[in-house]
Number of protein chains: 2
Amino acid sequence: MAGIEGDDSATTSGSTLGYALLSLLTRGPATGYQLTQQVKAPLGHFWTARHSQIYPELARLSAAGWVDSVEQAGPGPRAKKTYAVTAAGLTALRAWLVIPPTAQPRSEITLKAYAATSADPVAMAALYTDLAERSTRLLAEYEQDASRMRAAGQDDPGNPRFGNYAVLMMGVESQRVVHRWALWLASCLRTGRPVPYGEPPG
Amino acid sequence: MAGIEGDDSATTSGSTLGYALLSLLTRGPATGYQLTQQVKAPLGHFWTARHSQIYPELARLSAAGWVDSVEQAGPGPRAKKTYAVTAAGLTALRAWLVIPPTAQPRSEITLKAYAATSADPVAMAALYTDLAERSTRLLAEYEQDASRMRAAGQDDPGNPRFGNYAVLMMGVESQRVVHRWALWLASCLRTGRPVPYGEPPG
DNA sequence: CCGCTCTATGTAACTTCTGACATGTCAACT
DNA sequence: AGTTGACATGTCAGAAGTTACATAGAGCGG
């Protein structure tokens, strides 16, 4: 009765990273190492985490009873642990999902654009031309992923991996925007005069 | 000769926030309070900072010799300080600007989409419908700002405030993307079946 | 005259995130 | 036989960022 250690199951409120890990684990059980890999794509296009952040967070989730783990004697000096979401974890995730997000996006490329006129226009134009090229490569990559997903039926909201497709679609759209915007900006900086937005530059 | 305190002007490397503040100060001298206001728009659409972060950072920039300050006896118990970029600060900013940025963007709305199928489809669809509505409002607001800026000649790369316009254009494009994507996602979740991306939903 | 908001600057505690350190197995390649 | 890379888990120091606390004048509305 005297609950010294047992009464935090309802009170515990997780961090965003915690919910991100729970989301990944809804795809199936995984080790910390696997989560570190899985957070790279497609989630990694909009959310990243290092292993040094993931392992402690998994321990916290475990302490909160939101994940279970089984140990399996791994290769290194420590046991390998495979984690799975618990019913409590899934409930917590569901509750968090429907809260309207407030966090502002943060973009370093846009920050640099804010001060673009303080630097050498030629160097800055080159920077944004490179960025446009990179976005072209990424776009091709993402679109290939997308058609593979469609072939696998992951564009169906009934598919448990539909979220991967939804994130990827945001990635595709974002890269298109970056491409257009970077070319426009480079064009402005190179010509030194106003360029209407959205025109394909010659 | 024995430089105990004078040899850090070239070595000092700033934080991203420091460069953001230098960028703001290229528009003209400002107090920490004014910088806190100015970081809200349009830079704030892609980069935010609270005053509790700005004041200590200004002290660091001042210590590095990247900004100067003059005191003016302010309203509160402390003197009001107006900061201005120094030549060293401008040099540092220029050097930082041409380094290709690596930081990945971070988006909570996209993270939630990754786990969309774990929550109640109706509630999630409502979330993204609300998001689409918000982006409509923001888009209208940003476009109004943009046409005001064009009227003021800020779409000219020769204008020192051109960076404001460049950031705003990214804001406009981003909100358009969020709008389309959120409506698509809501449509997927409501109908429960694949919806081709980019179709205006009925 | 009381309270509210805006101006204005700072500190302190806390959470989050990064980068480096630390360890060790196993398979493939050279 | 030696090296590289993938697998696998952790810690620690420090940077970056958030939330709350603290102070105080000036102007305005009630």
Side-chain angles (χ1 to χ4, degrees), chain A residues 12-21 24 29-40 43-44 46-64 67 69-83 96 101-108 111, chain B residues 12-22 29-40 43-44 46-64 67 69-83 96 101-108 111:
Chain A
T12 316
S13 95
S15 63
T16 307
L17 175 62
Y19 294 114
L21 295 180
L24 285 162
T31 65
Y33 184 84
Q34 288 175 317
L35 291 171
T36 307
Q37 309 305 115
Q38 285 171 33
V39 90
K40 282 174 188 165
L43 233 203
F46 298 99
W47 198 272
T48 53
R50 310 295 168 100
H51 80 272
S52 59
Q53 218 188 335
I54 290 173
Y55 286 113
E57 185 62 35
L58 282 171
R60 277 189 287 272
L61 290 174
S62 191
V67 297
S69 64
V70 283
E71 308 200 355
Q72 284 131 338
R78 276 175 279 255
K80 167 175 139 180
K81 290 173 204 157
T82 302
Y83 292 89
W96 174 76
T102 49
Q104 292 291 103
R106 190 161 278 237
S107 162
E108 202 181 331
L111 173 57
Chain B
T12 315
S13 94
S15 63
T16 307
L17 175 62
Y19 294 114
L21 295 180
L22 288 176
T31 65
Y33 184 84
Q34 288 174 318
L35 291 171
T36 308
Q37 309 306 117
Q38 285 170 34
V39 90
K40 282 174 187 164
L43 234 203
F46 298 100
W47 199 272
T48 53
R50 309 296 169 98
H51 80 272
S52 60
Q53 218 187 334
I54 290 173
Y55 287 113
E57 185 63 35
L58 283 171
R60 277 189 288 270
L61 291 174
S62 191
V67 297
S69 64
V70 284
E71 308 200 355
Q72 284 131 337
R78 275 174 278 253
K80 167 175 140 178
K81 289 174 205 157
T82 302
Y83 292 89
W96 173 76
T102 50
Q104 292 290 104
R106 191 161 277 235
S107 161
E108 202 180 331
L111 173 57

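Here is the naming used below: chain letters follow the sequence lines, and residue numbers restart at 1 for every chain. Basis for what follows: all heavy atoms, side chains included, without hydrogens, waters or symmetry-related copies.
- Computed from coordinates, the Glu57(A) CD to dT11(D) C1' distance equals 16 Å when rounded to whole Å.
- The main-chain N or O of Tyr33(B) is found under 3.5 Å from a side-chain atom of Tyr55(B) such that the two form a donor-acceptor pair.
- When each of Gly32(B) and Ser15(A) is assigned the nucleotide of DNA chain C with its nearest heavy atom, Gly32(B) is the one assigned upstream, toward the 5' end.
- Here Ala59(B) lies out of heavy-atom contact (under 4.0 Å) with every strand.
- Taking atom NZ of residue Lys80(B) and atom P of nucleotide dC6(C), one finds them 17 Å apart after rounding to whole Å.
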For nucleotides 21-29 of chain C, print each protein N/O atom paired with a nucleotide N/O atom at under 3.5 Å, atom names and distance only.
unit_1  : atom_1 : unit_2   : atom_2 : d
dT25(C) : O4'    : Pro75(A) : O      : 2.6

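- The only option from Gln34(A), Glu71(A), Gln72(A) that meets the side-chain hydrogen bond (donor to acceptor under 3.5 Å, both in side chains) definition with Thr82(A) turns out to be Gln72(A).
- For the atom pair Leu43(B) CG and Gln38(B) CD, the distance stands at 9.5 Å (nearest 0.5 Å).
- Remark: the Ser52(B) side chain and the dT19(D) base include a donor-acceptor N/O pair separated by less than 3.5 Å.
- Between the P atom of dG10(C) and the CD atom of Glu71(B) lies a distance of 8 Å, rounded to the nearest Å.
- When distances are taken from the side chain of Trp47(A) to each of dT19(D), dA20(C), dC17(C), the shortest belongs to dC17(C).
- Between Gln53(B) and Arg106(B), it is Gln53(B) whose nearest contact on DNA chain C lies nearer the 5' terminus.
- Between the CD1 atom of Ile54(A) and the OG1 atom of Thr36(A) there is a distance of 3.5 Å, given to the nearest 0.5 Å.
- To the nearest angstrom, P of dA13(D) lies 20 Å from CZ of Arg50(A).
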**Request:** Could you go through the side-chain contact (heavy atoms from CB on, under 4.5 Å) check for Thr48(B) and Val39(B) one step at a time?
**Result:** CA-CA 6 Å; Thr48(B) 53; Val39(B) 90; 5.7 Å; no
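- Distance, Tyr33(B) OH to dT23(D) P: 19 Å, rounded to whole Å.
- Taking atom NZ on Lys40(B) and atom C1' on dC6(C), their separation rounds to 11 Å, with Å as the unit.
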**Derivation and outcome, side-chain contact (heavy atoms from CB on, under 4.5 Å), residues Leu58(A) and Leu35(A)** = CA-CA 10 Å; Leu58(A) 282 171; Leu35(A) 291 171; 3.8 Å; yes
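- Taking atom CG of residue Leu17(B) and atom C1' of nucleotide dG17(D), one finds them 9 Å apart after rounding to whole Å.
- Straight-line distance from the CG atom of Leu35(B) to the C1' atom of dT9(C): 13 Å, rounded to whole Å.
- Between Tyr55(B) and the phosphate of dT9(C), there is a side-chain N or O to OP1/OP2 separation shorter than 4.0 Å.
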**Worked check of side-chain contact (heavy atoms from CB on, under 4.5 Å) between Val70(A) and Tyr83(A)** = CA-CA 7 Å; Val70(A) 283; Tyr83(A) 292 89; over 6 Å; no
